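Position 1 is the first residue of the sequence, and the numbers go up from there. Since the model is a prediction, treat every value here as computed from it, not as a measurement. Counting starts at 1 for both ligands and their atoms, in listed order.
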Amino acid sequence: MQPITLTRFLIEQQRRDDGTCPAELRLLIETVARACKTITFAIAKGALGDVLGALGSENVQGEVQKKLDVIANEILLDANEWGGHLAAMASEEMETIHLIPNRYPKGEYLMLFDPIDGSSNIDVDLSVGTIFSVLQAPESCAGREVTEDDFLQPGVNQVAAGYAIYGPQTLLVLTLGTGVYEFTLDREMGTWRMTDGPMRIPGGTHEIAINMARRAQWAPSICDYIDARLGAEEGPYAGLYNMRWTASMVADIHRILKRGGIFLYPADHRKPGKARLRLLYEANPMSMLIEQAGGAAFDGYGRIMEVAPTGLHQRVGVILGDAAEVAAALASQEAALV
Ligand code: F6P
């Protein structure tokens, strides 16, 4: 028997009648999944579709925009603005929020997304992904225009989060707050079929994802944690740990969900507030997925999903993955503080 489709999974979730998947949220997830299908076909055309390379512009973060960053952003905006399920959207590629045009009905959800995560990988044919996070619009939005402040909610408020990964297979990994499920795109049929779930992060995997080139930015406690485990010739961990870094958060997080281990992109301890990853587009949705799969997600000080956002494009330190390994990384920090 064929694995169940995403549509069937969502309808069954809706039937649970516990409020985890109201009809509008189901429509939203189906729409995002459809947009990700369009994005995967755009990516797959590569040089033949003239989608590779840079555009010559920079995004709000001052990063060079790739053609596919902009193409995927447009695909997600176009797919989601007319369905009546969203009140507004925010994207890592746009300075401010995207309001639903007045000609369309407005819904009760807010969606934030990173259209192409890890986009430096596009031109060299490595995995990239789309990350999304769904919030409920505050009740106070009724009868007025949504503002940026309405998006500044902590990650614990997310009602859904997920990513699509465009790799050897195209996958959609999703949580509605009741476990994490993986769907594989069946390219012949055009449907998503469940291939894993509820997913649990396997324990005891000695793999660390970290960009070693940023060592000068790490707090001494993070250096101690890493030095004891990577390349140590003696001590309890000698020869035990391996390092993996794809420079695409989606790919690194997917590996952790499937195989275990830990991911670290710590904030710069010399300049508090300077970090690489975005709270609302990357850290929060990934934290929800990781926690729903039994893992832990911290910024080095507390739980990422409890951080109160102060800006749409705010960045945050990230230490997440297998709960025991995250605890070990944090313990080295606590030990350093004693
Ligand atoms: O934020 C985008 C991103 O490409 C992530 O997907 C990835 O984890 C990280 O940045 C890579 O950073 P670096 O360029 O330091 O390897």
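Atom 16 (O) of ligand 1 has W245 NE1, 3.0 Å as its closest protein atom, hydrogens excluded (heavy atom only).
Among M212, R276, R214, the residue whose heavy atom lies nearest to atom 10 (O) of ligand 1 is R276.
Counting heavy atoms of neighbouring residues, nucleotides and ligands inside a 6.0 Å radius, atom CD of E145 does not exceed 12 of them. The environment of CZ in R144 is crowded: more than 12 heavy-atom neighbours from other residues, nucleotides or ligands sit within 6.0 Å. Heavy-atom contacts from other residues, nucleotides or ligands closer than 6.0 Å to CD of E74 number more than 12. Few gaps surround CH2 on W245; more than 12 heavy atoms of other groups in view lie less than 6.0 Å from it.
Ligand 1 has no N or O atom lying under 3.5 Å from any N or O atom of D252, backbone or side chain. On a distance-only criterion, N211 and ligand 1 share at least one N/O pair closer than 3.5 Å. For S119, no nitrogen or oxygen atom sits less than 3.5 Å from a nitrogen or oxygen atom of ligand 1, counting backbone and side chain alike. Residue-to-ligand polar distances keep L277 apart from ligand 1: every N/O pair is separated by 3.5 Å or more.
If you look at H206 and Y237, their ring centroids are not closer than 6.0 Å.
The backbone N or O of G190 lies less than 3.5 Å from a partner atom in the side chain of K37, making a donor-acceptor pair.
Using a 4.0 Å cut-off between heavy atoms, S248 contacts ligand 1 through its backbone alone, with no side-chain atom that close.
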Practice task
Go through D149 and L152 one step at a time and tell me if the side chain to side chain contact (heavy atoms under 4.5 Å, CB included) criterion holds.
Solution key: CA-CA 5 Å; D149 284 352; L152 304 184; 3.7 Å; yes
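Within ligand 1, the atoms closer than 4.0 Å to a non-hydrogen atom of D117 are 2 (C), 5 (C), 6 (O), numbered from 1 in the order shown. Listed by number with element, the atoms of ligand 1 under 4.0 Å from a non-hydrogen atom of E282 are 1 (O), 2 (C). In summary, the atoms of ligand 1 found under 4.0 Å from a heavy atom of Y265, numbered by their order in the structure, are 12 (O), 13 (P), 15 (O). Atom numbering of ligand 1 starts at 1 in the shown order; those under 4.0 Å from a heavy atom of G118 are 4 (O), 6 (O). Using a 4.0 Å cut-off to heavy atoms of R278, the atoms of ligand 1 that qualify are 1 (O), 2 (C). Close approach to M249 involves these atoms of ligand 1, each under 4.0 Å from a residue heavy atom: 5 (C), 6 (O), 7 (C), 8 (O).
Among all heavy-atom pairs drawn from M249 and D117, the shortest one is N-OD2, 3.1 Å.
The aromatic rings of Y181 and F9 sit tilted relative to each other, their planes meeting at an angle between 30° and 60°.
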